[in-house]
Amino acid sequence: MSEDRYPFNDVEAVWRKKWDDEKAFSVDLDDDSGEHKYVLVMFSYPSASKLHIGHWWNYGGVDTHARYLRMNGVKVFEPMGFDSFGLPAETYAIKVGTHPKTVTEESISFIREQLKRIGAMYDWDWEVVTSRPNYYRWTQWLFQQLFKHGIAVQKDGLVNWSPTLQTVLANEQVINGMDERTGNPVVQKKMTQWYFRITKYAEKLLNGLEDIDWPESTVKRQKDWIGRSEGTSITFGVDGHDDTSIEVFTTRPDTLFGVSYVTLAPESDLVKQLTTDDRKAEVEEYVQTALRATEVDRTSTTREKTGVFTGSYAINPINEERVPIWVADYVLGSYGTGSVMAVPAHDQRDFEFALKFKLPIKLVIRPVKESLDVEDMTEAYTEPGIMHNSGQFSGLQSDVGKKAVTEKLETLDAGKHTVTYRLRDWSVSRQRYWGCPIPMIHCEKCGVVPVPEDQLPVVLPDEIHDFRPKGTSPLGALEDWVNTTCPTCGGAAKRDTDTMDTFVDSSFYHLRYLAADRDDAPFDKERMNRWMPISLYVGGPEHGTGHLIYIRFITRFLHEIGWSPVAEPAAKMVHQGIITKDGMRMSKSKGNVVNPEPFIEKYGSDVFRMYLMFTGDFRLGGDWSDDGITGIDRFANRVWRLVNRFPGDTEPSDKLNKGDYPEVVFRTLHNTIKSVGEDLENLSFNTAISRMMELVNELYKWLGEENDGKVNADAVRNLLGILIRIMSPFAPHFCEEAWTRLGGTPFVFQQEWPSYDESALVANTITLVVQVNGKLRDRIDAPADASNDDLERLALASEKVQGLMEGKSLRKAIVVPGKLVNLVVG
RNA sequence: GCCGGGGUGGCGGAAUUGGUAGACGCAGCGGACUCAAAAUCCGCCGGGCCCUGCGCCCUUGGGGGUUCGAGUCCCCCCCUCGGUACCA
């Protein structure tokens, strides 16, 4: 082996094999001793694509942190698995004409090997693969638990239908009216679907955010997504329809006297009922158009308001006023009650609508200070104020008025205080093949019946020829599979042919990892007690309102039914940043994707891994440059040459004798141990690497390139032993080899993290910065233990300072101990 | 529009509670080694000014402010990257 350059090709493969052969990363989940930390990074989503640079960024960094914890005596569980059901695999399978199962398994084998090259401490004994029956059996079990507890329900309703993907999508998968995967428009369609009633958990999911250390931005997004809104639901009567009423939700009951019309969403069932014969044709046409329109068209804010009059009138319960009932698509069928009371003077949307259709605008809230006239209004006045023209309530402040009006409505039995959420129930049925079958049977006599637990899993049939989407589940075509007997009555029945949203698969994998070896139970309570909650969960911020809500919801559900010891899955969450190319997000369409392979081939895995960590802050991401990697390559080789100049065959010692080293080297060493440790604690890998480079620079200044025989070789070797240990979380293969060359016994990651000596951190002398009126004027060497008075005297004695002070006098002196003196003169 | 993150040399990026701006690295320049090149090692490296030296001035997107002192705190504005979008 060459001693000049780190021979990564030999070294890395050799150590990976040793780790494998000796099961070096094996974790005993049943070991109770010591401190336990569950470090989890979101598992990978295999499709046609291989691991890209972003995976290295993410997985390399998290593993480096985990290795540091391990060297500090913490028992670390760091598993990896595959979220392998879903559209990417299926789409790819269709494209190449191969079965999704084959494609997926091949892809998993390939990616697992790539993951091993990163050198992470994954214990593959705990791997989970969501598309395998031994995993999805428990997905089905979960579904049935949800069903038994009334959380999984079948509902009829409008769903997001993607004509491109030929399937239903959850609200969380629709962005701006487009499906998040292809960016094509989504339409509303009436279908019977399975839903998980996450809305029942809205309040709990909101409150749970208080107990966890998650990125503030994500906490905020989840709060917004849940969208708790306090207000009043108010019942309007309908003129001439004694048996019918319209319920509206408002956060501004104080504006009730300003209602000039009531609006129904086009989806509302009331529309048909309340439309008078003469208006029928027009209303029907409007509703048809509105429902056909994509969400994008409907919600475009630049679009003018549209709507039609139904011909009927509603009765305002507070003053018996008769107001027209309109249909308008700016009212959403899916939020609140699907009907609103329109107060044009105090709501911008109603204001625009009223202007367009010449409906009355009644001012019922006045600003506290300035005056306001309807004629002058160019926009709605939406601030709180003083109630006005509001009968007995006139003169009340908005917030007082809200309460008073609500109370009054309660006595009239026409309203009550209500909390509404923006969060929708989670629709989980998918009309696709490559997913977990819904373990339910439909019997004409008995209704919906769960497949008995001892018959789980309902295996996804392989023998399917056409798994292309066609609007109904491909499973429906398999008559033998679909037709079954009812577990309750024994009569003929049919299986549910939809598969589950893949977010169900990933909503409990963190708990399943801990029982991956068990087929007799979904989870292992003892291990969960020991390891949960996840101490650090790492993944992209894009999952903020999807996966990260679902995993919290399902964990909480499992907690409530006694399966999970904790209600919140992850005590701490961190989002890795993204790595860009020339400041732009990498994407195939831009053609700027950087492929890791050539760099790994040229520099080895460790250098590549370290370079990514050096490129920027883990949480903020960084910009990839092909050139910069040479810096890390040089650094690694500088260390490599030092190690090979001071080999040994006994374990390097921790006991360093201060006298063996130049003061600056000894001090830098201890500072490096300290700051690298702190940086690893906070995932500040880039600065940690800088600190190690500084140490190596000091060593070269001291030792040069050649051994001159004047240094104590053993002393150097011991020092290098420390460097290699603190470097090992970053460059695991490299450091195993270096550690053994220094005489250490494998494995280096099983060594203890070196400790530093507080007293060795500070220099005997400091450089005192002298400022005059805040400007830097001089630097003076001063004893580190000098008192504030001494420092001030030294500063005043400076020639430069004296020159500047001529003719002036000292007003004030600010002394920052050990650092700086600022003399204020004038 | 609203909500977050970010704007620091030619480039990637550092800067504890406000206390030497530009750590570390890339690129560049100069030197050593070499027949030569690569590799390696050492030195320089924000801009400007009279280069007369250890000198002075300017500089963290722009403009104000607080402070002995501001990249950091406050106010206003600009750019950029994410998220979100008629939620009554």
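By convention in this document, chain letters (A, B, ...) are assigned in the order of the sequence lines, proteins followed by strands, and residues within each chain are numbered from 1.
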Chemist: Taking syn as a glycosidic torsion within 90° of 0 and anything else as anti, which one is B:rG9?
Modeler: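 In terms of base orientation relative to the sugar, B:rG9 is syn.
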
Chemist: At 4.0 Å (heavy atoms only), tell me whether A:N686 reaches a base, stays on the sugar-phosphate, or touches nothing.
Modeler: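 Touches sugar-phosphate only.
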
Chemist: If only side-chain N and O atoms of A:N637 are considered, is one of them under 4.0 Å from the OP1 or OP2 phosphate oxygen of B:rA39?
Modeler: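 No, outside the criterion.
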
Chemist: Measure CG/A:L823 against P/B:rC68 and give the value in whole Å, please.
Modeler: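 Value for this atom pair: 15 Å.
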
Chemist: Please measure how far the P atom in B:rA37 lies from the corresponding atom in B:rG28, and state the result in whole Å.
Modeler: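 Their P atoms lie roughly 16 Å apart.
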
Chemist: In whole Å, measure the gap between the P atoms of B:rA32 and B:rA38 for me.
Modeler: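 To the nearest whole Å, 14 Å.
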
Chemist: Is A:R609 close enough and on-axis enough to A:W56, meaning under 6.0 Å and within 45°, for cation-pi?
Modeler: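 No, A:R609 does not sit over the ring of A:W56.
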
Chemist: I'd like to know if A:D778 pairs up with A:K800 as an ion pair, taking the criterion as any Lys NZ or Arg NE/NH1/NH2 lying under 4.0 Å from an Asp or Glu carboxylate oxygen.
Modeler: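 A salt bridge is present here (some side-chain N lies under 4.0 Å from a carboxylate O).
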
Chemist: For nucleotides B:rU16 and B:rG4, find the distance between their P atoms and express it as a whole number of Å.
Modeler: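 The answer is 23 Å between these two P atoms.
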
Chemist: When you compare B:rG25 with B:rG62, how far apart are their P atoms, in angstrom units rounded to a whole number?
Modeler: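 About 28 Å, rounded to a whole number of Å.
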
Chemist: Roughly how far, to the nearest 0.5 Å, is the OG1 atom of A:T255 from the CG atom of A:D347?
Modeler: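 Here the rounded value is 8.5 Å.
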
Chemist: Side chain of A:R777 only, please: which of B:rG12, B:rC56, B:rC87 is the nearest?
Modeler: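 Nearest to the side chain of A:R777 among the choices is B:rC56.
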
Chemist: Take atom CG of A:L776 and atom P of B:rC56, then tell me their distance rounded to the nearest Å.
Modeler: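 Roughly 9 Å, once rounded to whole Å.
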
Chemist: In whole Å, what is the span from the CD atom of A:E216 to the P atom of B:rC3?
Modeler: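 Spelled out: CD on A:E216 to P on B:rC3 is 14 Å.
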
Chemist: Under 3.5 Å, is there any donor-acceptor pair linking the side chain of A:D627 to the base of B:rC26?
Modeler: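 Not at all, since no donor on one side and acceptor on the other fall under 3.5 Å apart.
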
Chemist: Below 4.0 angstrom, N of the basic side chain to O of the carboxylate: do A:E678 and A:K674 qualify?
Modeler: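 Salt bridge: yes.
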
Chemist: For the pair made of CE in A:M610 and P in B:rC26, what is the distance, rounded to whole Å?
Modeler: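 Taking atom P of B:rC26 as the reference, CE of A:M610 is at 13 Å.
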
Chemist: Using the P atoms only, state how far B:rC74 lies from B:rC3, rounded to an integer number of Å.
Modeler: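 Nearest-Å result for B:rC3 against B:rC74 at atom P: 16 Å.
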
Chemist: If you compare every side-chain N and O of A:R349 against the phosphate oxygens of B:rC87 (OP1, OP2), does one of them come in below 4.0 Å?
Modeler: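 Answer is yes, contact under 4.0 Å.
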
Chemist: Sticking with atom C1', work out how far B:rU66 lies from B:rC81, rounded to a whole angstrom.
Modeler: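 B:rU66 and B:rC81 have their C1' atoms separated by 31 Å.
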
Chemist: Do NZ/NE/NH1/NH2 and the carboxylate oxygens of A:K220 and A:D224 come within less than 4.0 Å?
Modeler: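 Result for this pair is yes, salt bridge flagged.
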
Chemist: In this structure, how many angstroms lie between the P atom of B:rA85 and the CZ atom of A:R422, rounded?
Modeler: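 Rounded to the whole Å, the gap is 6 Å.
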
Chemist: In whole angstrom, what separates A:K775's NZ from B:rC56's C1'?
Modeler: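 Distance check: A:K775 NZ to B:rC56 C1' gives 10 Å.
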
Chemist: Using a cut-off of less than 4.0 Å, is there contact between a side-chain N or O of A:N773 and OP1 or OP2 of B:rG69?
Modeler: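 For A:N773, the contact criterion (side-chain N or O under 4.0 Å from OP1 or OP2 of B:rG69) is not met.
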
Chemist: Using whole Å, report how far CG of A:D623 lies from P of B:rG12.
Modeler: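 Atom-to-atom, A:D623 to B:rG12, this comes out as 7 Å.
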
Chemist: Identify whether NZ of Lys or CZ of Arg in A:K305 sits under 6.0 Å from the centre of the six-membered ring of A:Y330 and within 45° of that ring's axis.
Modeler: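 Output yes; distance and angle both within limits.
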
Chemist: Measure NZ/A:K602 against P/B:rA39 and give the value in whole Å, please.
Modeler: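 Going from NZ in A:K602 over to P in B:rA39 covers 10 Å.
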
Chemist: Any donor-acceptor pair under 3.5 Å joining the side chain of A:K305 to the base of B:rC86?
Modeler: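 Yes.
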
Chemist: Considering only B:rC41, B:rC87, B:rC68, which nucleotide approaches the side chain of A:L332 most closely?
Modeler: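 When the side chain of A:L332 is considered, B:rC87 is the closest of B:rC41, B:rC87, B:rC68.
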
Chemist: In whole angstrom, give me the gap between the P atoms of B:rG64 and B:rA15.
Modeler: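 B:rG64 and B:rA15 have their P atoms separated by 29 Å.
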
Chemist: Take atom P in B:rC75 and the same atom in B:rA21, then report the distance between them in whole Å.
Modeler: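 26 Å, rounded to whole Å.
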
